[in-house]
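First the structure, in the form of structure tokens, and then the observations on it.
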Amino acid sequence: RKEVEQDPGPFNVPEGATVAFNCTYSNSASQSFFWYRQDCRKEPKLLMSVYSSGNEDGRFTAQLNRASQYISLLIRDSKLSDSATYLCVVNVGAGGGNKLTFGTGTQLKVEL
Amino acid sequence: DGGITQSPKYLFRKEGQNVTLSCEQNLNHDAMYWYRQDPGQGLRLIYYSQIVNDFQKGDIAEGYSVSREKKESFPLTVTSAQKNPTAFYLCASSNWRLAGIGELFFGEGSRLTVL
């Protein structure tokens, strides 16, 4: 089983739609979680951290479910500019080398 | 402006040649990382360094070497021993002592093609 798994997509949605991605992780000792965004042929950039209590940043909401070992990203009122690949990222913590493990990414295409 | 600079952006090399990718940061970050990205695969960690003069192998270190003689610099050498070197290489840094390892700041990447 992969350490971090995502549905690769692509998810094709109309502008204004609400879309949700899930990501599962295998190591129950994982300590911190993030969503990064990567535009085509560009470097990834941090979109948001994922906290146990859930967190929201404008149209974006991230949630963590430790019992089921998944994190989610919800995008409301999607814009054309949201088209990108969204990477789920997990840090196992010091015991695991304190390094980040990246999922393969979910591709989102927002269309007119 | 602070940031991470990778060079060259595009590089072509013949099979059997070593090549060194440059990565420089002026963010005063302690930790630096090298990742490789292939189509359909997530970023895979090659090497990382959490402090000057120290570095550790990541998940796919074979065929690569690094050095960390200065805080600002973390060059990656792709040796002829690397069987499939054609890829997109990303360098990153983080201020892990202050912020924990969460936010990685990436360079724009180097695309290596082996002919």
Side-chain angles (χ1 to χ4, degrees), chain A residues 1-10 21-27 29-52 55 57 62 64 71 84-107, chain B residues 3-7 9-10 21 23 25 27 29-51 54-61 74 87-113:
Chain A
R1 183 183 171 186
K2 286 183 180 177
E3 288 187 70
V4 178
E5 280 201 81
Q6 296 182 251
D7 183 336
F21 311 133
N22 276 351
C23 164
T24 58
Y25 60 95
S26 60
N27 192 328
S30 298
Q31 296 187 359
S32 47
F33 310 88
F34 311 90
W35 284 102
Y36 276 69
R37 170 189 169 134
Q38 185 174 25
D39 292 302
C40 188
R41 300 179 73 83
K42 299 285 190 181
E43 74 275 20
K45 293 183 180 177
L46 180 67
L47 178 66
M48 58 198 306
S49 303
V50 187
Y51 304 122
S52 297
N55 48 303
D57 183 2
L64 166 65
I71 66 173
T85 297
Y86 292 84
L87 306 174
C88 171
V89 185
V90 175
N91 178 24
V92 175
N98 203 27
K99 51 185 173 63
L100 298 179
T101 300
F102 285 75
T104 54
T106 297
Q107 189 179 9
Chain B
I4 298 184
T5 302
Q6 287 186 242
S7 64
K9 201 164 183 179
Y10 299 94
L21 307 180
C23 179
Q25 54 103 355
L27 299 167
H29 286 170
D30 284 313
M32 296 186 75
Y33 309 82
W34 274 105
Y35 287 89
R36 168 183 172 142
Q37 188 174 35
D38 297 279
Q41 298 201 42
L43 275 69
R44 292 184 290 167
L45 183 63
I46 304 172
Y47 268 99
Y48 65 107
S49 166
Q50 294 190 313
I51 198 165
D54 187 43
F55 50 83
Q56 285 79 41
K57 291 182 179 180
D59 302 315
I60 54 164
F74 192 40
F88 185 41
Y89 291 88
L90 286 158
C91 179
S93 72
S94 78
N95 194 357
W96 70 277
R97 288 184 194 278
L98 183 66
I101 182 172
E103 184 166 14
L104 292 183
F105 293 81
F106 284 89
E108 292 187 336
S110 294
R111 289 193 182 276
L112 172 63
T113 302

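Order of the sequence lines sets the chain letters (A, B, ...), proteins ahead of strands, with each chain counted from 1. Quick caveat, the model's predicted, so the values are computed rather than measured.
The contact between Y35(B) and chain A is made entirely by side chain atoms (from C-beta outward), counting heavy-atom distances below 4.5 Å. Contacts between L43(B) and chain A at a heavy-atom distance below 4.5 Å involve backbone atoms as well as side-chain atoms. Contact of Q38(A) with chain B is made through the side chain alone, with heavy-atom distances under 4.5 Å. Both the backbone and the side chain of P44(A) come within contact range of chain B, with heavy atoms under 4.5 Å apart.
Taking the six-membered ring where the residue is Trp, the centroids of Y48(B) and F74(B) are separated by 6.0 Å or more. For an aromatic pair to be called close, the ring centres must be under 6.0 Å apart, and F33(A) with Y25(A) satisfies this.
Of the listed residues (K42(A), K2(A), R41(A)), the one with the most heavy-atom contacts under 4.5 Å to chain B is R41(A). When the candidates Q6(B), Q41(B), R111(B) are compared by the number of heavy-atom contacts under 4.5 Å with chain A, R111(B) comes out ahead.
The closest side-chain donor-acceptor pair between T113(B) and Y10(B), if any, does not fall under 3.5 angstrom.
Taking P10(A) as the reference, N12(A), Q107(A), K109(A) meet the side chain to side chain contact (heavy atoms under 4.5 Å, CB included) condition, with sequence neighbours excluded. Applying the side-chain hydrogen bond (donor to acceptor under 3.5 Å, both in side chains) criterion to D54(B), with sequence neighbours excluded, gives Q56(B).
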